[in-house]
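Below: one structure in C-alpha cells.
What you are looking at is a predicted structure, and each value in this text was computed from that prediction instead of being measured.
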Amino acid sequence: MAKRLYEVWKGKNKFIFRGRLIFGPDAKSLIITLLLIIVPVIIFCTNVARNLFDETSGNIAGYAVLMVTVVFTIYVLLLLLLTSARDPGIVPRNLHPPTEEICYDSSASIDVGRQTPTPRLPPTKEVIVNGVPVRVKYCITCQLYRPPRCSHCSVCDNCVERFDHHCPWVGQCIGMRNYRSFFLFISSSTILCIFIFGMSALNIKFLTNDYGTVWKAIKESPLSVVLIVYCFIFLWFVGGLTCFHFYLIGTNQTTYETFRYRGVERPQVYDRGCLNNFREVFCSKIKPSRNNFHAYVQENEREFTRGMNSEGYIGNLDGNRREKVEDDREIGGDLLKISQRREAEDA
C-alpha cells in the first residue's frame, strides 16, 4: 500500500493533520510556552482590565484595553503557530548520492612513502557566493553537499537552509522559511509584555488615588503587582532576544554563524547593507517548501529510506550524530560553550 512522505520521513519530526503541520521532536515544550503567554493574559483580563473598565466608568477606553489585549494575544499565538508548525526550510535527503572521487589517503598507504588511492567524497567543496568562495560541507546523513548557510540539526535530524538555531521554546528549528515569523513572535511578545506591565502599573495608580496609599492599593489588587513583576522578568528574556535578532538582521548573520565563528576574521559574504538586509527578511517572498509531506512516495524512495535506517548505516553515524546533537541542543541553551569547543577543535 502506498504511503505518504510524512509516514516514512527519516527525520525526528512530529506530524499532525496527515503531514500538513510539522513540529520538532520537542513539540511538548509548546505547552509551557502557551501557558507562559495565556495564563498572565487571563489574569490580566479577569482582574486588572475589569478594574480599569470600572475606573473609566465603562467608556471607550475601558473597552479598548480589553480588546487590544485579546486581539494582540491571538496575533502572538498565531505567530507562534506559524513558527512551530511550518517547515523551517528542510533540505530533502538525497536519493542519488554524488559519485565518489579518487583521493589519496595517506592513512591507507601500504608501503612507506607511497599513498593508496581511496574512493571517497571530499568532506568539503567550494562554491561561489556573491563573488566570494564559500566552503560547504558534505552531510553523511542526508548524503548531499549542504547549500551555503545550511546546517544539519540533529535534534530534528534534518539539514535546514539558513539555519539559525533550534529553539526549544517553540519546539522547532528556526531557518529560512520561519525566521520572519519567529522574529515577529518574539518582538510582539515583547510589546504585549510592555502593554500588560503598563496597564497593571496604571491600575495600581488608580487604586492609590482611590485608597490613599500604595500599600492599600497593593492589598486591593495583589495580582497587578504579580503581573508587574512577571512582565519585568519576562522582558529581560524576550526583549533581549528581540534586540539581539535586530542586530543579526541588520548585519545579515544567523545565531549559529555568530557563535560558531566568534572571533574569527571572515568576509561578510551575505551583508548587503542594513536597509537591504531588513528588506530581505521582511519584504522578500517566502520560498515554498521543498517537501510535500502529504504526497505519496514512490517505491524506490521507500527503499532508500529503509536503507537509511539499516543497522550498519546508523552505526557508522552514531558518533557524529551524538556530537551534533550536543551542538544543536546547546545552541538553544548555552551558545557560548559551542563557540569555545569549536575554537579548541580548530586549534
Atom of Phe293, atom of Gly19 and distance for their closest heavy-atom approach: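 Looks like CB-O, 3.4 Å.
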Rounded distance [0.5 Å steps], CD in Gln172 versus NE2 in His166: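 Answer rounded to 0.5 Å: 7.0 Å.
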Any Ile90 side-chain heavy atom under 4.5 Å of Trp9 side chain: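 Touching, per the 4.5 Å side-chain cut-off.
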Minimum-distance pair of heavy atoms, taken over all atoms of Ile228 and Ser200: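 What the structure gives for the nearest pair is CG1-CB, 3.6 Å.
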Residues Val68, Met199; criterion side-chain contact (heavy atoms from CB on, under 4.5 Å); working and verdict: CA-CA 11 Å; Val68 168; Met199 291 299 103; over 6 Å; no
Pairwise side-chain contact, Val134 with Tyr270, heavy-atom cut-off 4.5 Å (strictly under):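 Yes, close enough: below the 4.5 Å cut-off.
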Asn252 backbone acceptor or donor facing Asp271 side chain under 3.5 Å: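 Flag not set: sc Asp271 to bb Asn252 has no pair under 3.5 Å.
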His165 side, atom NE2; Leu248 side, atom CG - distance, nearest 0.5 Å: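 His165 NE2 to Leu248 CG: 10.0 Å, rounded to 0.5 Å.
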Derivation and outcome, side-chain contact (heavy atoms from CB on, under 4.5 Å), residues Phe44 and Leu223: CA-CA 8 Å; Phe44 177 80; Leu223 289 176; over 6 Å; no
Shortest non-hydrogen contact from Asn13 toward Gly24: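 Asn13 and Gly24 have their closest heavy atoms at ND2-CA, 4.2 Å.
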Check ion pair Glu161-Arg290 (N to O, under 4.0 angstrom):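 Salt bridge flag = yes for Arg290 with Glu161.
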Close side-chain approach of His152 to Asp157, heavy-atom, < 4.5 Å: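 Yes, at least one pair of side-chain atoms sits under 4.5 Å.
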Heavy-atom side-chain contact between Cys153 and Asn158 under 4.5 Å: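 Side-chain contact under 4.5 Å: no.
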Test side-chain contact (heavy atoms from CB on, under 4.5 Å) applied to Leu5 and Asn292, step by step: CA-CA 7 Å; Leu5 179 59; Asn292 185 0; 5.6 Å; no
Heavy-atom check, side chain of Cys45 versus side chain of Val41, under 4.5 Å: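 Heavy-atom side-chain distance check passes, below 4.5 Å.
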Side chain proximity check, Val226 to Ile43, heavy atoms < 4.5 angstrom: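 No - every pair of side-chain heavy atoms lies 4.5 Å or more apart.
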Interatomic spacing from OG in Ser188 to CG in Leu80 - rounded to 0.5 Å: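 Taking OG in Ser188 and CG in Leu80, the distance rounds to 11.5 Å.
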Inter-residue atom distance Leu21.CG - Ser84.OG, 0.5 Å rounding: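 Those atoms lie 10.5 Å apart.
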Hydrophobic cluster membership, Ile174 vs Val91, 4.5 Å side-chain cutoff: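 Result: no, two separate clusters.
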Single-linkage hydrophobic cluster, 4.5 Å side-chain cutoff, Ile37 and Ile196 together: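 Yes, it is one cluster - the side chains of Ile37 and Ile196 are joined through contacts under 4.5 Å.
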Euclidean distance, Thr242 OG1 relative to Phe237 CZ, rounded to 0.5 Å: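 The distance works out to 9.5 Å.
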Polar side-chain atom of Tyr256 near backbone of Arg149 as donor-acceptor pair, under 3.5 Å: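 No, because the side chain of Tyr256 does not come within donor-acceptor range (under 3.5 Å) of the backbone of Arg149.
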In one Ile/Leu/Val/Met/Phe/Trp/Tyr side-chain cluster, 4.5 Å: Phe259, Tyr247: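 They do share one cluster, since a chain of ILVMFWY contacts under 4.5 Å joins Phe259 to Tyr247.
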Separation of Ile22 CD1 from Cys173 SG (nearest 0.5 Å):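 Reported to 0.5 Å precision, the distance equals 9.0 Å.
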Derivation and outcome, side-chain contact (heavy atoms from CB on, under 4.5 Å), residues Phe183 and Ile249: CA-CA 10 Å; Phe183 178 80; Ile249 294 172; 3.9 Å; yes
Exercise: identify the closest heavy-atom pair between Pro92 and Asn291: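 Looking at all heavy atoms of both residues, the shortest contact is CG-OD1, 3.3 Å.
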Closest heavy-atom pair and its distance - Ile204, Ala217: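 Looks like O-CB, 3.8 Å.
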Arg93 side chain near Gln143 side chain, heavy-atom distance below 4.5 Å: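 A side-chain contact is absent here, since even the closest heavy-atom pair is not under 4.5 Å.
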4.5 Å side-chain heavy-atom contact, Trp169 and Ile32: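 In short, these two side chains touch, coming nearer than 4.5 Å.
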Parallel, tilted or perpendicular, as decided by the 30° and 60° cut-offs, for the rings of Phe246 and Phe278: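 Ring orientation, 0 to 90° scale: tilted.
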Verify same cluster id: Leu52, Val225 (apolar side-chain graph, 4.5 Å):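 Result: no, two separate clusters.
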Name each donor-acceptor pair under 3.5 Å that joins a side chain in residues 69-76 to protein atoms two or more places apart or in another chain, with its distance.
from, atom 1, to, atom 2, distance (Å)
Thr69, OG1, Val65, O, 2.7
Thr73, OG1, Thr69, O, 2.6

CZ/Phe282: more than 12 non-hydrogen atoms of other groups inside 6.0 Å: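 Atom CZ in Phe282 is crowded, with more than 12 foreign heavy atoms closer than 6.0 Å.
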Closest contact, heavy atoms only, Cys156 versus Pro25: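 Taking Cys156 first and Pro25 second, the nearest heavy atoms are SG-CD, 3.6 Å.
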Donor-acceptor pair, side chain of Asp164 and main chain of Thr254, under 3.5 angstrom: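 No: the side chain of Asp164 does not pair with the backbone of Thr254.
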Common cluster, Ile38/Phe195, ILVMFWY with side-chain heavy-atom separation under 4.5 Å: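 Same hydrophobic cluster.
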Plane angle bin for Phe15 and Tyr6 - parallel if under 30°, tilted between 30 and 60°, otherwise perpendicular: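 Tilted.
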Within residues 173-182 or reaching into it, pairs that qualify as side chain to side chain donor-acceptor pair (under 3.5 Å) - sequence neighbours excluded: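 Those involving residues 173-182 are Thr83-Ser181, Tyr179-His245.
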Residue pairs involving residues 32-52 (criterion side chain to side chain donor-acceptor pair (under 3.5 Å); sequence neighbours excluded):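 Found Asn51-Asn203.
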